[in-house]
Amino acid sequence: MSQVRGMLSQDLEERLKRGEKLQIIDVREPAEVASGMIPGAKNIPLSQLQERFREIDPHQETVMVCRSGARSERACQFLMAQGYSNLWNLMGGMLGWHGSVQ
């Protein structure tokens, strides 16, 4: 299986500030997301990803996010197995995110 690419939170923050169109998928559970998500992110808990992955546009650059980066890496691996390729895992997850939250 090919390697999951990692993105640093400061790189993601810079790209969002420049107005780049990125699809951000937060795979944390709803109780975790209640503490705040990256603005514009969509919540698809990892436990629901197998049923809901078609909600993710395979043609758009996508950043997967969780609390620390482990679940989002698993999510990337799952999506790659479904044929997705334009994926990033947010390194350090929300624990490393210093940007704004919604």
Side-chain angles (χ1 to χ4, degrees):
M1 185 174 285
S2 53
Q3 198 60 30
V4 173
R5 296 182 302 173
M7 182 182 289
L8 298 170
S9 62
Q10 56 263 38
D11 293 336
L12 176 57
E13 206 175 337
E14 285 298 314
R15 293 185 64 182
L16 291 173
K17 277 186 185 144
R18 285 199 299 267
E20 291 188 37
K21 284 278 173 246
L22 298 167
Q23 185 171 221
I24 302 170
I25 306 296
D26 193 321
V27 298
R28 296 176 298 158
E29 294 302 315
E32 296 174 280
V33 170
S35 64
M37 276 196 320
I38 296 172
K42 176 179 180 118
N43 180 222
I44 302 179
L46 185 60
S47 60
Q48 298 173 17
L49 189 61
Q50 285 187 324
E51 296 85 51
R52 296 181 58 194
F53 76 89
R54 287 174 189 84
E55 296 174 32
I56 303 168
D57 182 350
H59 305 293
Q60 200 176 353
E61 193 172 359
T62 304
V63 182
M64 304 302 286
V65 181
C66 69
R67 189 181 73 90
S68 66
R71 281 177 286 174
S72 50
E73 181 165 359
R74 288 206 303 273
C76 285
Q77 289 168 342
F78 169 78
L79 290 170
M80 287 160 65
Q82 310 309 312
Y84 287 70
S85 59
N86 206 353
L87 296 168
W88 295 94
N89 181 32
L90 184 64
M91 315 271 288
M94 290 302 286
L95 291 176
W97 177 254
H98 302 296
S100 57
V101 293
Q102 66 183 21

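Predicted model, so just to flag it, every value in this text is computed and none were measured.
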*Heavy atoms of other groups near Arg54 CZ, more than 12 under 6.0 Å*: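 Open: at most 12 neighbouring heavy atoms sit under 6.0 Å from CZ of Arg54.
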*asked:* Is it the case that over 12 heavy atoms from other parts of the model lie below 6.0 angstrom from the CD atom of Glu20?
replied: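 Yes, CD of Glu20 has more than 12 neighbouring heavy atoms, counting only those of other groups under 6.0 Å.
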Side chains of [X] and [Y]: closer than 4.5 Å at any heavy-atom pair?
X     : Y     : answer
Gln10 : Glu14 : no
Arg15 : Glu61 : yes
Phe78 : Leu46 : no
Ile24 : Val65 : yes
Val63 : Ile38 : no

[X] (side chain) donor-acceptor with [Y] (main chain) under 3.5 angstrom:
X     : Y     : value
Thr62 : Gln60 : yes
Arg67 : Leu95 : no
Asn43 : Arg28 : yes
Tyr84 : Phe53 : yes
Glu29 : Pro45 : no

Side-chain heavy atoms under 4.5 angstrom apart, residues restricted to Ile, Leu, Val, Met, Phe, Trp, Tyr: same cluster for [X] and [Y]?
X     : Y     : value
Leu79 : Met7  : no
Met64 : Met80 : yes
Ile56 : Trp88 : no

Distance (rounded to the nearest 0.5 Å) between [X] [atom1] and [Y] [atom2]:
X     : Y      : atom1 : atom2 : value
Leu49 : Ser72  : CG    : OG    : 11.0 Å
Asn86 : Leu22  : CG    : CG    : 9.0 Å
Arg52 : Lys42  : CZ    : NZ    : 6.0 Å
Lys17 : Ser100 : NZ    : OG    : 8.5 Å
Leu90 : Asp11  : CG    : CG    : 9.5 Å
Arg74 : Cys66  : CZ    : SG    : 8.0 Å

_Test side-chain contact (heavy atoms from CB on, under 4.5 Å) applied to Gln102 and Met37, step by step_ = CA-CA 5 Å; Gln102 66 183 21; Met37 276 196 320; 3.8 Å; yes
*Which one of Val101, Asp26, Val27 satisfies the side chain to side chain contact (heavy atoms under 4.5 Å, CB included) criterion with Val33?*
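One option only clears the test, and that one is Asp26.
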